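Remarks on the structure that follows.
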Protein chains: 2
Amino acid sequence: MEYSAKQLQIIEVAERLFSQKGFAGTSVRDIAQEADVNVSMISYYFGSKEKLIEALFQLRMSESRSRMEVLIQDEDLNPIQKINMLIDSAIDKLMGNQCFHNIMLREQLSSERTPVISDHIRKLKMRNVELMQQLILEGQEAGVFRKNIDLSLMSTTLYGTINYAIATQDFYRKINNLEDMEEEEFQKYLKRRLSQHLKSLFKSTVTNEHHIEN
Amino acid sequence: MEYSAKQLQIIEVAERLFSQKGFAGTSVRDIAQEADVNVSMISYYFGSKEKLIEALFQLRMSESRSRMEVLIQDEDLNPIQKINMLIDSAIDKLMGNQCFHNIMLREQLSSERTPVISDHIRKLKMRNVELMQQLILEGQEAGVFRKNIDLSLMSTTLYGTINYAIATQDFYRKINNLEDMEEEEFQKYLKRRLSQHLKSLFKSTVTNEHHIEN
DNA sequence: GATAAAATCAAACGATCGTTTGATTTTTAT
DNA sequence: ATAAAAATCAAACGATCGTTTGATTTTATC
């Protein structure tokens, strides 16, 4: 599906507003006004408000054809390096599309989801979990990773941490006295800290054998 | 503030519906119907829909007077044991009030928040972060914890992981072939796995010195 | 059991919702 | 230049929104 400049404009405004105020909390008149088009253009172009968010998902999902799948095959990288690449790739993707991933997280919190959208999300999550599973199994076979790792919870920690960090970034700014930092600089800073933090977390967890008391 | 049985009934129904469909996605008529009261009773008791969700926050926040603060002082526990207690306490709290914490997470995703509510959330998060900070500093002074730990990102990982695990629990069920498990049993199972996972994560990260390449 | 207060209700309020209509303008194709 | 197609618009549609009204019933107080 190809979209005209006007259509893309509508989609992008909708993305921002859905992210800020939620789907139900955003009216088509809000979108029309900020996108500088007539209200009726939304139904005219997309059919309905519901179809609009589906178009947004369709578009963003089609863009996310990840380069990870091929990079993962690289023989020159050791398991830890591959995991680190996966972490940075996830950080880049989520922090580079904060509005969209905010919407996606909101969708996952809802119990009344559109089948079309939840299918998209399920497929994407499946890909992510399988990717990490493949990487960790590789590391285990190479003998560098410990055996008893909860694969799906490792994914949960990766995406849960990034999502939550993005959701609470204002709070992070405040308690770390970074309120004077320029927005762009702060984004870079947060990315770097997240990267260090998650790599440290994953490396030590995945490589060290140890038992948990209690 | 004291609430009658009817008022509590309304609050509890509202909590469930806000959790399932979001605040804007839930109508006062939905709430009234499921709570088996007349629509006007919501304005009559709480003043408005907005005041209703504020009452919900007020109530749940007042209940959450954590026992952690005192248990943390226990001299007989070593730093790791205290961290483990903090983890289990967080899991219990979030998984025991999934609806409310779902709403709270949604609020944090919104940029147009009610000041009353975002104040409550900020205060709660501050408490949590300070608690973990205190524990980790204690471990560092005792010489068992490494020095370069991103304190606020440890909190982010703890709450981000639990929140995301709850949000995606259906997916977790599916990929781990647990679809036949009874709901109650699954909740216990997820709690146990989360506990093991997070304790393993924290212990290895917090105790082992190592540098991160890249 | 009379009186006041609290609770409950159906109905209606004005506002806003997503969507459609039908006329008009702009663009495209011949 | 002309006809067809696409885009744009103000206006209106019916539905639903949160809230209020005013009458009625229930409960509490003496």
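Order of the sequence lines fixes the chain letters, A, B, ..., with proteins taken first and strands second; residue numbering starts at 1 for each chain. Remember, predicted model here, so these are calculated numbers, not experimental data. Atom set for the values below is all heavy atoms of this structure, side chains included, hydrogens, waters and symmetry mates excluded.
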| message | Output the rounded distance in Å from CD1 (B:I31) to C1' (D:dT16). | response | 15 Å
| field | Contact under 4.0 Å: B:K6 side-chain N or O vs C:dT8 OP1/OP2 | value | yes
| For atom CD of A:Q7 and atom P of D:dA6, their distance in whole Å | 13 Å
| query | Just how far, in rounded Å, is C1' of C:dA10 from CD1 of B:I42? | reply | 16 Å
| said: I need the CZ-C1' distance between B:F46 and D:dT20, as an integer number of Å. | reply: 18 Å
| task | Measure from the side chain of A:S40, starting at C-beta and using heavy atoms only, and say which of D:dG18, C:dC9, D:dC9 lies closest. | result | D:dC9
| field | Cation-aromatic face contact B:K49/B:F23, 6.0 Å, 45 degrees | value | yes
| field | Atom of B:F186, atom of B:L178 and distance for their closest heavy-atom approach | value | CE1-CD1, 4.0 Å
| message | Please confirm whether the shortest side-chain N or O distance from B:Y44 to OP1 or OP2 of C:dC9 is below 4.0 Å. | response | no
| remark: Considering only heavy side-chain atoms of A:N38, the closest of D:dT8, D:dT20, C:dA7 is D:dT8
| said: Using OP1 and OP2 only, check whether a side-chain N or O of B:K49 sits under 4.0 Å from D:dC17. | reply: no
| Rounded to whole angstroms, how far apart are CE on A:M41 and C1' on D:dC9? | 9 Å
| task | Please work out if B:S27 contacts a base, only the sugar-phosphate, or nothing of the nucleic acid, heavy-atom cut-off 4.0 Å. | result | sugar-phosphate
| Separation of atom CD in B:E54 from atom P in D:dG18, rounded to whole Å | 16 Å
| What is the distance, rounded to the nearest whole Å, between atom OH of B:Y45 and atom C1' of C:dA7? | 6 Å
| request: Please confirm whether B:K125 makes a cation-pi placement over A:F171, using NZ or CZ under 6.0 Å from the six-membered ring centre and within 45° of the ring normal. | output: yes
| request: Please work out if B:S48 contacts a base, only the sugar-phosphate, or nothing of the nucleic acid, heavy-atom cut-off 4.0 Å. | output: sugar-phosphate
| said: If you apply the rule side chain to side chain contact (heavy atoms under 4.5 Å, CB included), what do you find for B:F202 with A:T205, and how did you get there? | reply: CA-CA 8 Å; B:F202 271 62; A:T205 303; over 6 Å; no
| request: Report the residue from B:K199, B:R192, B:R193 that forms a side-chain hydrogen bond (donor to acceptor under 3.5 Å, both in side chains) with B:S195. | output: B:K199
| field | A:D30 CG to C:dC17 P, straight-line distance once rounded to whole Å | value | 6 Å
| query | Hey, does B:S4 reach any base, or is it just sugar-phosphate, or nothing, if we go heavy atoms under 4.0 Å? | reply | nothing
